Undergrad: 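Below: one structure in structure tokens.
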Amino acid sequence: MSFPKLPSRSENFAEWYNQLVLRAELADYAPVRGCMVIRPYGWALWENIQRALDKRFKATGHQNAAFPLLIPLSFFEKEKEHVEGFAPELAVVTHGGGKKLEEPLAVRPTSETIIGYMWSKWIRSYRDLPQLLNQWANVVRWELRTKLFLRTLEFYWQEGHTAHATRAEAEEETLRMLRVYEDFAVNEAAIPVVPGRKSESEKFAGAVTTYTIEAMMGDKRALQAATSHFLGQNFAKAFEIRYLDQNNQLQYVWTTSWGLSTRFIGAIIMVHGDDQGLRLPPRLAPIQVVVVPIWKSGDDEARILEAARNVRDRIASIVYREQPIRVHLDDRDNVTPGFKFNDWELRGVPVRVELGPRDLAAGTVTLARRDKPGKEGKQTVDMDALPEVLPRLLDDIHEGLYQQARAFLEANLHEPKTYEELKAVVRDGWALAWWCGSADCEARIKADTTATNRCIPLEQPEGQGTCIVCGRPAQVKAIFARAY
RNA sequence: CGGGGCGUAGCUCAGCCCGGAUAGAGCGCACGGUUCGGGUCCGUGAGGUCGGCGGUUCAAAUCCGCCCGCCCCGACCA
């Protein structure tokens, strides 16, 4: 009997990714081109991402709000760069209630404009500042080429929007939220990232400065995992967001915006997944522990199932990082344990608990960790030891996944000394190289290699060098890589 | 929008070139039995507007035309 194997990552990464998303039941294609349905397992993962982020947003003083999906089209024309960046990918509603609308409405691609408009009504005084808002929302961008989670016409995200009295405060906020994303990526998703600044040509349409965390996928391509923008006074001036300062002087506010989308799920898949399937980071996994009972005959079945239920209940009472462990008992009687093992490995559950007659007799369970294959990842422990063992094991797996991803990133982050070397390394890795800052040199690299300037890492070496493309003096090193 | 691939059962596909009778297979699904410590095995069964429209023909999944959709690669992008 042959079961369709997932294509291996090395042989066809794109196909591995697509099939994994579908077979793990994270998502499915919708009837409209480029749209996807996020299925319960995928949405549960998103909910855990939401919880982890939302907690951090609240802790840094932000409040959630909800702004409308429909935005007057004219709003997009108020900020020059913003309109240039977004006009080509706007979905526009022209009819409503059977009639042509007087003014077309854009389906929001992002909410700077509508929030800017509202702020212009709400903000009068320095006492009204700062505004620290976030919203969890869906947005629509009419992308030409789509891919599950990574780029769909409609996607879910959070978008933070803040307004401040001073430039310094807004810049501080921008970097604070970048660090929040970094902390989330590392400590919740076990994904190492490079925080950096985007070049002029790569920055957000309407931003003064865009910061990013870049992550390396399993095929060594780069993914912008989250962004944080310092918007200066661009939107303040476009929407007349002004306040009176302590000296009764009228001032424009300084704004920021920052976002992380369901694309991040794509990052989790591509960073941690292996040829068996998903490997979900324990702190975000919808199911952290799955219990698989193993029985021999009819008699045994009832006895073992009962014991398995007890084990499940005991695990559900264990607290890991302030929450009960998310445990599932796989009591299906129409598939064999071997089938279940493969099934849960495909779905990326971090820990499997096996309970069979041998275990039951000995008062033990067998633990198998998803991040280590076969026997290496298996251990037998006393049932009573679970409250102590499981939280530690989940932490271990988190750390194991992180270290593995980090080693991969470091091994594939090259520092070419010549342009020829750069062209060679970006074919299968990242290049960190001196860059003079000119768009021409960036464009040349892109034309020659398809690799783009991912970011200028915040962490920079001492001194200066010469641009790897043109040889002129360079103050910064930048990362060039092929990207999603 | 350019290049490529594809549309036949829930899924993966065969059949099409060379037209012919109730359109097939494997997997999945339902039922019965068997098995269960790494994707059990056997049996029975349900399941199809052959992407759509039009044309050619005695006859179209098969030939011709138009249309629609999806996937992959490129340009654009979270």
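Numbered from 1 within each chain, the chains take letters A, B, ... in sequence-line order. What you see is a predicted model; the values in this text were computed from it and never measured.
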Undergrad: Would you mind telling me which of A:R176, A:H229, A:E173 makes a side chain to side chain contact (heavy atoms under 4.5 Å, CB included) with A:W258?
TA: A:E173
Undergrad: Using the C1' atom in both, what is the distance from B:C16 to B:G51, to the nearest Å?
TA: 16 Å
Undergrad: Could you state the atom-to-atom distance from CZ of A:R221 to P of B:A78 in whole Å?
TA: 15 Å
Undergrad: Is the closest side-chain heavy-atom distance between A:F264 and A:F184 below 4.5 Å?
TA: yes
Undergrad: Under 3.5 Å for both donor-acceptor distances, Watson-Crick or wobble: does B:C1 have a partner, and if so which one?
TA: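 In the structure as shown, B:C1 has B:G74 as its Watson-Crick or wobble partner.
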Undergrad: Checking A:K446 now: which residues fulfil side-chain contact (heavy atoms from CB on, under 4.5 Å) with it, not counting sequence neighbours?
TA: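 So A:K446 forms a side-chain contact (heavy atoms from CB on, under 4.5 Å) with A:T452.
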Undergrad: In whole angstroms, how far is the P atom of B:C72 from the CG atom of A:L150?
TA: 10 Å
Undergrad: B:C71 C1' sits how many Å from A:L22 CG, rounded?
TA: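 A:L22 atom CG is separated from B:C71 atom C1' by 11 Å.
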Undergrad: What distance, rounded to whole Å, do you find between the two P atoms, one in B:G48 and one in B:A23?
TA: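 One P to the other, the span is 12 Å.
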Undergrad: Round to a whole Å and report the spacing from CG of A:D219 to P of B:C73.
TA: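 Rounded to the whole Å, the gap is 10 Å.
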Undergrad: Say we look at B:A14 and B:G7: how far apart would their P atoms be, to the nearest angstrom?
TA: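 Result for the P pair: 7 Å, nearest Å.
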Undergrad: Going by purine N1 to pyrimidine N3 plus the second Watson-Crick contact, or the G-U wobble pair, all under 3.5 Å, which nucleotide sits opposite B:A30?
TA: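 Pairing partner, where one exists within any strand: B:U44.
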Undergrad: Write down the distance separating the P atoms in B:G15 and B:U62, rounded off to the nearest Å.
TA: 15 Å
Undergrad: Output the single nucleotide from B:C73, B:G38, B:G39 whose closest atom is nearest the side chain of A:E345.
TA: B:G38
Undergrad: Under a 4.5 Å cut-off applied to non-hydrogen side-chain atoms, are A:R263 and A:L150 in contact?
TA: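 Touching, per the 4.5 Å side-chain cut-off.
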Undergrad: Expressed in whole Å, how much space separates the P atoms belonging to B:C67 and B:C72?
TA: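 Each nucleotide's P atom is 24 Å from the other's.
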Undergrad: What is the distance, rounded to the nearest whole Å, between atom NZ of A:K147 and atom P of B:G74?
TA: 10 Å
Undergrad: When the P atoms of B:U57 and B:G74 are considered, how many whole Å apart are they?
TA: 47 Å
Undergrad: Go through B:A75, B:C36, B:A78 for me and flag the one nearest to the A:T450 side chain.
TA: B:A75
Undergrad: When you measure from the side chain of A:D313 to the backbone of A:N310, do you find a donor-acceptor pair of N or O atoms at a distance under 3.5 Å?
TA: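 Not at all, since once roles are kept as given, no pair shorter than 3.5 Å links the two residues.
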Undergrad: Using atom CZ of A:R352 as one end and atom C1' of B:G39 as the other, report the distance to the nearest whole Å.
TA: 12 Å
Undergrad: Nearest whole Å is fine: how far is B:G39 C1' from A:N334 CG?
TA: 13 Å
Undergrad: Could you measure between the two C1' atoms, the one in B:C63 and the one in B:C50, and give it in whole Å?
TA: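 Pairwise C1' distance, B:C63 against B:C50, rounds to 16 Å.
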Undergrad: Between B:C73, B:G38, B:G37, which nucleotide has the shortest distance from any of its atoms to the side chain of A:I294?
TA: B:G37
Undergrad: Distance between the C1' atoms of B:G37 and B:G45, in whole angstroms?
TA: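 B:G37 and B:G45 have their C1' atoms separated by 33 Å.
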Undergrad: Suppose we screen for side-chain contact (heavy atoms from CB on, under 4.5 Å). Which residues come up paired with A:Y117, at least two apart in sequence or across chains?
TA: A:F75, A:K121, A:F239
Undergrad: Can you tell me whether the side chain of A:T336 and the base of B:G38 have a donor-acceptor pair closer than 3.5 Å?
TA: no
Undergrad: According to a strict under-4.0 Å criterion, is A:N18 in side-chain N/O contact with OP1 or OP2 of B:C71?
TA: no
Undergrad: Check this for me: does any side-chain nitrogen of one of A:R332 and A:D343 sit under 4.0 Å from a carboxylate oxygen of the other?
TA: yes
Undergrad: If I take atom CZ in residue A:F339 and atom C1' in nucleotide B:G37, what distance separates them, rounded to the nearest angstrom?
TA: 17 Å
Undergrad: As an exercise, state the distance from OG of A:S74 to CG of A:L105, rounded to the nearest 0.5 Å.
TA: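 Here the interatomic distance stands at 9.5 Å.
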Undergrad: Any residue in residues 255-290 of chain A with a heavy atom nearer than 4.0 angstrom to RNA chain B? Just list them by number, or reply none.
TA: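 Here the set is A:S261, A:R263.
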Undergrad: Determine whether any donor atom in the side chain of A:D359 lies under 3.5 Å from an acceptor atom in the base of B:G37, or the reverse, and answer yes or no.
TA: yes
Undergrad: Between A:E306 and A:R303, is the closest basic N to carboxylate O distance under 4.0 Å?
TA: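 A:E306 and A:R303: not salt-bridged.
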